[in-house]
Amino acid sequence: QVQLVESGGGLVQPGGSLKLSCAASGFALTNYGAGWFRQTPDKEREGISTSNSGDGKTYYADSVKGRFTISRDYAKNAVYLQMNDLKPDDTGVYYCAAAFPTRIYGSTWYRATEYEYWGQGTQVTVSS
């Protein structure tokens, strides 16, 4: 059974840090592009960052460049998102997703429709 399970969300003060984890099972995440999306009640699901196994490229939304870092542990079949200098606008439910690597490139990585598998999400709240 294909599954992605996120963890690491929580409540943090502005300027703080969190590290999200996503563990894959039932398939080899190694062979897929792996990304993080964020959703809030008033917005569509937004692409935050993706790491593409096919060409080794990583992508970030402009709003998180320099603050967030995506990484992968191929041995653990996992992907992570280190989030630093968090801001209230970073609040939302964060989803891990996997896509066929040929679907991921500069003009598509942020589109939720390009991704095959999704986790259940983890809540991140940035508030004082």
Side-chain angles (χ1 to χ4, degrees):
Q1 180 182 0
V2 170
Q3 202 170 13
L4 292 168
V5 179
E6 302 98 334
S7 61
L11 173 64
V12 63
Q13 292 186 341
S17 298
L18 281 176
K19 185 175 184 178
L20 304 183
S21 300
C22 174
S25 60
F27 73 108
L29 190 60
T30 302
N31 298 329
Y32 288 75
W36 290 93
F37 285 74
R38 178 172 68 208
Q39 188 159 26
T40 58
D42 58 342
K43 288 184 180 179
E44 291 186 354
R45 200 165 288 191
E46 173 189 15
I48 298 301
S49 181
T50 288
S51 167
N52 196 10
S53 60
D55 57 13
K57 290 185 177 180
T58 56
Y59 303 92
Y60 294 94
D62 288 343
S63 61
V64 306
K65 281 181 182 176
R67 300 188 298 122
F68 290 12
T69 303
I70 191 169
S71 62
R72 304 178 71 149
D73 188 328
Y74 291 102
K76 293 184 177 180
N77 212 28
V79 61
Y80 307 95
L81 186 68
Q82 176 67 47
M83 305 186 294
N84 298 328
D85 190 23
L86 282 160
K87 305 177 187 301
D89 283 350
D90 296 318
T91 294
V93 178
Y94 282 71
Y95 295 90
C96 172
F100 295 118
T102 53
R103 303 286 293 270
I104 302 302
Y105 43 93
S107 60
T108 67
W109 72 269
Y110 50 86
R111 297 179 190 166
T113 53
E114 302 297 334
Y115 292 76
E116 294 291 317
Y117 306 125
W118 290 87
Q120 82 290 348
T122 185
Q123 176 71 44
V124 172
T125 303
V126 184
S127 175
S128 55

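The analysis underlying the following values was restricted to heavy atoms, covering all of them including side chains, and did not include hydrogens, waters or symmetry mates. Given the structure is predicted, the values throughout are model-derived calculations rather than measurements.
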Residue pairs fulfilling disulfide bond (SG atoms under 2.5 Å apart) with at least one residue in residues 38-91, sequence neighbours excluded: none

Q120 (side chain) donor-acceptor with V5 (main chain) under 3.5 angstrom: no

Test item: E114 and W109 side chains (from C-beta on) under 4.5 Å apart, heavy atoms: no

Which atom of R38 lies closest to which atom of S63, heavy atoms considered: NH2-OG, 4.0 Å

Side chain N52, main chain P101, donor-acceptor under 3.5 Å: yes

Disulfide bond (SG atoms under 2.5 Å apart) pairs, two or more places apart, involving residues 8-103: C22-C96

Heavy-atom check, side chain of T40 versus side chain of E46, under 4.5 Å: no

Whether R72 side chain and S51 backbone form a donor-acceptor pair below 3.5 Å: yes

Other cluster members, L18 - Ile/Leu/Val/Met/Phe/Trp/Tyr, side-chain contacts below 4.5 Å: V2, L4, V12, L20, F27, L29, Y32, W36, I48, Y60, V64, F68, I70, V79, L81, M83, L86, Y94, F100, Y117, V124, V126

Contact summary for A61 and G47, nearest pair of heavy atoms: CB-O, 3.5 Å

Qualifying ring-ring contact (aromatic ring centres under 6.0 Å, His included) pairs with a residue from residues 71-93, counting only residues at least two apart or across chains: none

R103 CZ to T113 OG1 distance, which is reported to the nearest 0.5 Å: 7.5 Å

Contact list for residues 55-94, test disulfide bond (SG atoms under 2.5 Å apart), sequence neighbours left out: none

side-chain contact (heavy atoms from CB on, under 4.5 Å) between T91 and Q123, worked out: CA-CA 8 Å; T91 294; Q123 176 71 44; 4.1 Å; yes

Working for salt bridge (Lys or Arg N to Asp or Glu O under 4.0 Å), residues K65 and D62: CA-CA 5 Å; K65 281 181 182 176; D62 288 343; 3.2 Å; yes

Pairwise disulfide bond (SG atoms under 2.5 Å apart) hits with a residue in residues 97-128, at least two apart: none

CA sep, side-chain torsions, deciding dist, call: Y115, I104, side-chain contact (heavy atoms from CB on, under 4.5 Å): CA-CA 9 Å; Y115 292 76; I104 302 302; 3.6 Å; yes

Student check: side-chain heavy atoms of S21 and K76 closer than 4.5 Å: no

T30 backbone acceptor or donor facing S53 side chain under 3.5 Å: yes

Side chains of L11 and S127 in contact at under 4.5 Å (non-hydrogen atoms): yes

